[in-house]
Amino acid sequence: MSQKVVTRFAPSPTGMLHIGGVRTALFCWLFARKHEGTFILRIEDTDLSRSTDDNIRIIEDGMAWCGLDWDEGPVPGDPQAWRGPNGPYRQMQRLESHYRPALEKLLAEGRAYRCRCSKESLDAARAEAEREGRIFQYPGTCREAGHDASQPFSVRLKMPQGGEPWLEEDCIVLRDLIKGELRFPATSLDDWILARTDGTPTYNFCVVVDDTSMSVTHVIRGDDHVANTPKQIALYQAFGFEQPTFAHVPMILGKDGAKLSKRHGATSITEYQAMGFLPSAVRLALARLSWTPKIDGKAVESAEEELLTDEQMIQLFDLADCQKSPARFDMDKLQWINQKLIQRASWQELEPHLRSFLPEAWSGKSDDWKALAIHSTQKGKSLVEMAEALRFAFERPAGFDAKAVEKFLTDAIKPALRDLCALTDYTHEALEAGFNAILEKHGLKTKDLAQALRVALCGKPVSPGIFDTLLLAGRDEVVARVERWL
RNA sequence: GGGGCUAUCGUCUAGGGGUCAGGACACCGCCCUUUCACGGCGGUAACACGGGUUCAAAUCCCGUUAGCCCUACCA
């Protein structure tokens, strides 16, 4: 197969970008990047009630934040614009240009037919079958009726009934890159609806038309679509289209093994952003769910190897190394990854991400100050923790930890604090020298003075390294905050 | 009810006839230490169950159980 790889992520605008969707998108993206192919973003907006421009914007923004750049698809912020040769990339804009002609073709060729059965009568039949414990399948009432368009109709696909040469032992066979070979008995599928009575096409129909017209070579999507695939395969047959390669990635479950939902905490990608995760950390954590990178055929064997860069992920990514079973989302691991990536990033890399968690005053600080602030807090698990640890540098403590005050801000320490206020040379070296001199003079231990200072400056006995804390607060603030205790 | 998928430490997983069943996260302990952390070292912990096949089964086969997906004129 020498043709260029094309993958696509096709979310429907529900008002948020689900973390599970992001994982699927990530796999599509990794696969496309690895094979130097094309990654398409397509919006499945046939559910009109939810498909607002705002909701589509949420998807675009979420994708962008995650660093999942698409080669073809909508242009953020402009509902009418798109880039790529096979647009539009919003389904509702493809009705007349793509779906209608495809439907006509099928009808004309007798691959599909007009069905006049009403939804009501079908529902009733289904209910009755259910009551009697039978399985309901559309009985094919209109299959050979040859109805014309003179009365309201829906359009159904003539599904194989057994004996068709492209079946294997009367089964529709799905060769899935992750799941392996799956067989679905033809008789288990009925003639499904391609277009509703109101003329709008259904999801399974649109997907096939779109994937074909967009030349998608690899359909990488969620597990929940496995059972839809044989229907789609039958449609590819009806059209005479070549099938793409399928790969169904397992679902992401919550901590308790149930489908990941709101009650597990965060499901929307924007919540992860708000919790102070780096997009790179989210990418790695998500990728490592159901995927085991293999280096020279061996799975990663150390913490060091676990921390793959994007480049390594792209290079190593292989659908063959993906799990068939669902994985539970592991927040602890995400935090660990986040912490590690924060640790190894430069302050310049971190700054743009950290900025939004800090007060306005941050932007007025010098580069040296910012670098120090970031370096001194770069052990946190999240950007939120870093920002929290830097609070003291922007505002005076709102309150003081009573126990800490009692323990550290003793009368015995006050003469030393007074001496410390006299220090004027605010460089790390000078501060350290002066600090040590004061300790010696008063016969104190580092801990005594450092903790007293922390409480006075931050309201609590926790802060970055004591010299960094002093430097970050600045002499004026140090003196001001310490003096009230003297 | 029918069709399909899945099952190794708490979690993510490696391993696919003979392994002390390996790693990572989390957890616990010790060390380091100017706080909180970081870091270093060590430890606890798993083959869902029942039958086969075999000299030998976590690995192969068949059941059972459990979970998930589909079974819409939703996507």
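Every chain is numbered from 1, with letters handed out A, B, ... down the list of sequences.
Pairing of B:rC73, defined by two Watson-Crick or G-U wobble distances under 3.5 Å, is not identified with any nucleotide. In this structure B:rC32 sits in no base pair that meets the Watson-Crick or G-U test at under 3.5 Å. Across all strands shown, B:rU54 remains unpaired; no Watson-Crick or G-U wobble contact has both distances below 3.5 Å. In this structure B:rG63 sits in a base pair with B:rC49, meeting the Watson-Crick or G-U test at under 3.5 Å. Using N1 to N3 plus N6-O4 or O6-N4 for Watson-Crick, or N1-O2 and O6-N3 for G-U wobble, each under 3.5 Å, B:rG16 pairs with nothing. The base-pairing partner of B:rG43, taking Watson-Crick or G-U wobble contacts with both distances under 3.5 Å, is B:rC27.
Annotation: B:rU11 and B:rC68 have their P atoms spaced 16 Å apart (nearest Å). Taking the C1' atom of each, B:rA46 and B:rG2 are spaced 35 Å apart, rounded to whole Å. Separating the P atom of B:rG51 from that of B:rA57 is a span of 13 Å, rounded to the nearest Å. Nucleotides B:rU59 and B:rG22 place their C1' atoms 15 Å apart, quoted to the nearest Å. When the C1' atom is compared between B:rC41 and B:rC32, the two are found 11 Å apart, to the nearest whole Å. Here, B:rU64 and B:rC5 have their P atoms 15 Å apart, quoted to the whole Å. Rounded to whole Å, the P atom of B:rC69 lies 26 Å from the corresponding atom of B:rC61. To the nearest whole angstrom, the two C1' atoms, one in B:rU19 and one in B:rC62, are 27 Å apart.
For A:Thr292, counting side-chain heavy atoms from C-beta on, the closest listed nucleotide (B:rC38, B:rA14, B:rC12) is B:rA14. For A:Lys179, counting side-chain heavy atoms from C-beta on, the closest listed nucleotide (B:rC38, B:rG23, B:rC5) is B:rC5. When the nucleotides B:rG3, B:rU34, B:rC25 are ranked by their closest atom to the side chain of A:Phe184, B:rG3 comes out on top. Among B:rU13, B:rC25, B:rG23, the nucleotide with an atom closest to any side-chain atom of A:Ala303 is B:rC25.
Across all strands shown, A:Gln335 has no heavy atoms under 4.0 Å from either base or sugar-phosphate atoms. At the heavy-atom level, A:Lys294 lies under 4.0 Å from the strands shown only through sugar-phosphate atoms. Residue contacts for A:Arg134: at a heavy-atom cut-off of 4.0 Å it reaches no nucleic acid atom on any strand shown. Residue A:Asp330 is in base contact, counting any heavy-atom pair closer than 4.0 Å across all strands shown. If you check every strand for non-hydrogen atoms under 4.0 Å, A:Pro461 touches a base. As judged by a 4.0 angstrom heavy-atom cut-off over every strand, A:Ser463 is placed among the base-contacting residues. Within the 4.0 angstrom heavy-atom criterion, only backbone atoms of the sugar-phosphate kind lie near A:Ser325; the bases stay farther away. Among the heavy atoms of the strands lying under 4.0 Å from A:Lys381 are primed sugar atoms or P, OP1, OP2 only; no base atom is included. Residue-level contact check: A:Gly465 touches the bases, meaning some heavy atom is under 4.0 Å from a base atom. Among the protein residues, A:Thr14 comes within range of no part of the nucleic acid, since none of its heavy atoms lies under 4.0 Å from any strand. At a threshold of 4.0 angstrom between heavy atoms, the contacts of A:Gln378 with the nucleic acid are absent. Here A:Pro464 lies in heavy-atom contact (under 4.0 Å) with a base.
Distance A:Leu457 CG to B:rU34 C1': 14 Å, rounded to the nearest Å. Rounding to whole angstrom units, CD1 of residue A:Ile337 and P of B:rU13 are separated by 12 Å. Regarding A:Lys255, its NZ atom lies at a distance of 11 Å from the P atom of B:rA26, rounded to whole Å. Taking atom NZ on A:Lys324 and atom P on B:rA14, their separation rounds to 12 Å, with Å as the unit. When rounded to the nearest whole Å, the span between CG of A:Leu284 and P of B:rC25 equals 13 Å. Atom CD of A:Gln451 and atom P of B:rU33 are 16 Å apart (whole Å). Taking atom CD1 of A:Ile466 as the reference point, atom P of B:rA37 lies 17 Å away to the nearest angstrom. Put simply, CD on A:Glu301 is 18 Å from P on B:rC12, counting in whole angstrom units.
A:Glu477 has a carboxylate O that lies under 4.0 Å from a charged side-chain N of A:Arg396, or vice versa, which qualifies the two as a salt bridge. Between A:Glu104 and A:Arg100 there is no salt bridge, since none of the side-chain N atoms of the basic residue sits less than 4.0 Å from a carboxylate O of the acidic one. Salt-bridge check for A:Asp223 with A:Lys179: passed, with a basic side-chain N closer than 4.0 Å to an acidic carboxylate O.
Between A:Thr377 and B:rA37, a side-chain N or O to OP1/OP2 separation shorter than 4.0 Å is absent. Residue A:Lys333 has no polar side-chain atom (N or O) positioned under 4.0 Å from OP1 or OP2 of B:rU13. One finds a side-chain N or O of A:Lys340 lying less than 4.0 angstrom from the OP1 or OP2 phosphate oxygen of B:rG39. Look at A:Gln323 and you'll find a side-chain N or O under 4.0 angstrom from OP1 or OP2 of B:rA14.
Checked by distance alone, A:Arg288 brings no side-chain donor or acceptor within 3.5 Å of a matching partner on the base of B:rU13. Applying the 3.5 Å distance criterion, the base of B:rU35 shares a donor-acceptor pair with the side chain of A:Arg454.
Side-chain contact between A:Pro13 and A:Ile43 is present, with at least one heavy-atom pair separated by less than 4.5 Å. A:Asp448 has its side chain out of reach of A:Thr410: every pair of non-hydrogen atoms, C-beta onward, lies at least 4.5 Å apart.
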If the sugar-phosphate is the primed atoms plus P, OP1 and OP2 and the base is the rest, what is the B/S/- string for nucleotides 66-75 of chain B, using protein heavy atoms under 4.0 Å?
---SS-SBSB
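In terms of position along RNA chain B, the nucleotide closest to A:Ser188 lies nearer the 5' end than the nucleotide closest to the other residue of the pair A:Lys379 and A:Ser188. Toward the 5′ end of RNA chain B lies the nearest nucleotide of A:Ser290, the other residue of the pair A:Leu334 and A:Ser290 mapping further downstream.
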Output a table of donor-acceptor pairs, distance under 3.5 Å, between side-chain atoms of residues 122-137 of chain A and any protein atom two or more places apart or on a different chain; print 'none' if there are none.
from	atom 1	to	atom 2	distance (Å)
A:Asp123	OD2	A:Lys119	NZ	3.2
A:Glu132	OE1	A:Arg134	NH1	2.3
A:Gln137	NE2	A:Thr187	O	3.4

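By the salt bridge (Lys or Arg N to Asp or Glu O under 4.0 Å) test, A:Lys403 is found to be paired with no residue, residues two or more places apart in sequence or in another chain being considered.
In this structure, A:Phe467 has its ring center closer than 6.0 angstrom to the ring center of A:His428. Not less than 6.0 angstrom separates the ring centroid of A:Tyr89 from the ring centroid of A:Phe9.
For the residue pair A:Arg114/A:Ser154, the side-chain donor-acceptor check at 3.5 Å is not satisfied.
The glycosidic torsion of B:rC30 lies more than 90° away from 0, placing the base in the anti range.
Using cut-offs of 30° and 60° for the angle between ring planes, the A:Tyr272 and A:Phe277 rings count as tilted.
For A:Asp321 (side chain) and A:Pro293 (main-chain N/O), no donor-acceptor pair under 3.5 Å exists by modelled atom type.
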